[in-house]
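Beneath this line is the structure, given in structure tokens, with notes to follow.
Numbers here are sequence positions counted from 1. Everything numeric in this text was worked out from a predicted model, so none of it was measured.
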Amino acid sequence: QVNGGDISTITTGTFNLINTNATTLNLGGDATAITIGATSGTTTVRNTLAIPSGTAGAPSLTFTGDTNTGLYRVGTDSLALTTGGTERLTITSGGNVGIGTTAAGSTLAVNGNVLIGFGQGSTAGPSSGLAVSGNVGIGTTSPSQALDVTGSMRATGGLTLLGAATINGNTTLGDQT
């Protein structure tokens, strides 16, 4: 039993600390596990681990030997993952997820290249676009072609067709001003 002061060394086994008056618990050394939420007698730990907010360059939850990679609190009810001191993924208070952006204005906001369906590996998507392996549906959940659009479609600029074209329905060619 310790009344005030510090415990400097515990060499083996499990150390249980129960102090209803303590406001801060500092742990150090090479502990392999920290358990929060144990109950002993009438004293119950709150089941909460409070850590500082942190920053992208110094996240609150980090790794030994890689202190600029981890998790931190961006703002009220928002989290971010950082690697190399740069924020990479953000979850906003509204539940939006941003990858490569700190301001996710929709459910999923991605800033940069995206590769979907190409499996594992080091294949990179286009520098600022989207590459999809498989069929893409717009307005349909079961596309049968590389690009399957259900509904009206508008193309501003040129349209190049290579290969056969099948047109069903009304078609207007020429200037529509």
Side-chain angles (χ1 to χ4, degrees), residues 1-139 141:
Q1 180 175 3
V2 177
N3 292 316
D6 295 333
I7 300 171
S8 60
T9 304
I10 295 176
T11 57
T12 61
T14 300
F15 173 67
N16 294 306
L17 176 64
I18 300 171
N19 181 339
T20 58
N21 298 317
T23 57
T24 303
L25 172 62
N26 296 313
L27 302 172
D30 294 325
T32 58
I34 299 172
T35 303
I36 298 174
T39 302
S40 175
T42 58
T43 304
T44 303
V45 178
R46 288 192 217 178
N47 299 324
T48 300
L49 175 62
I51 58 177
S53 293
T55 65
S60 300
L61 186 57
T62 187
F63 305 92
T64 303
D66 193 6
T67 58
N68 63 357
T69 296
L71 175 75
Y72 74 102
R73 178 180 168 267
V74 180
T76 303
D77 300 326
S78 298
L79 293 173
L81 294 176
T82 178
T83 61
T86 301
E87 187 174 321
R88 307 293 182 176
L89 184 137
T90 304
I91 303 173
T92 69
S93 60
N96 293 344
V97 175
I99 300 173
T101 178
T102 58
S106 55
T107 303
L108 177 62
V110 179
N111 182 19
N113 55 341
V114 178
L115 193 63
I116 298 174
F118 282 89
Q120 305 297 322
S122 59
T123 303
S127 62
S128 183
L130 173 68
V132 178
S133 176
N135 296 340
V136 175
I138 299 175
T141 58

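In this view, Ser53 and Arg73 satisfy the side chain to side chain donor-acceptor pair (under 3.5 Å) rule, not counting sequence neighbours. In this view, Thr102 satisfies the side chain to side chain donor-acceptor pair (under 3.5 Å) rule with no residue, not counting sequence neighbours. Applying the side chain to side chain donor-acceptor pair (under 3.5 Å) criterion to Thr83, with sequence neighbours excluded, gives Arg88.
If you take OH on Tyr72 and OG1 on Thr55, they are separated by 7.0 Å, rounding to the nearest 0.5 Å. Note that the OG1 atom of Thr69 and the CG atom of Leu61 stand 11.5 Å from one another [nearest 0.5 Å].
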Next item on the list: Show your reasoning for whether side-chain contact (heavy atoms from CB on, under 4.5 Å) applies to Ile116 and Leu130.
Entry: CA-CA 8 Å; Ile116 298 174; Leu130 173 68; 3.6 Å; yes
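Side-chain contact between Leu115 and Asn113 is absent, with no heavy atoms from C-beta onward closer than 4.5 Å. Residues Asn96 and Ile91 have side chains not in contact (no heavy-atom distance under 4.5 Å, counting atoms from C-beta outward). Using a 4.5 Å heavy-atom threshold, the side chains of Leu79 and Leu71 count as touching. Counting heavy atoms from C-beta outward, Val74 and Thr92 have side chains that stay 4.5 Å or more apart.
Under the side-chain contact (heavy atoms from CB on, under 4.5 Å) rule, Val97 has a single partner from Leu108, Thr107, Val110, which is Leu108.
The minimum heavy-atom distance linking Pro59 with Gly70 is given by the pair CG-N, 3.7 Å. When all heavy atoms of Ser60 and Gly54 are compared, the pair lying nearest together is OG-N, 3.0 Å. Heavy-atom minimum distance, Thr62 versus Asp66: OG1-O, 3.0 Å. Of all heavy-atom pairs between Ser93 and Ser78, the closest is N-OG, 3.1 Å.
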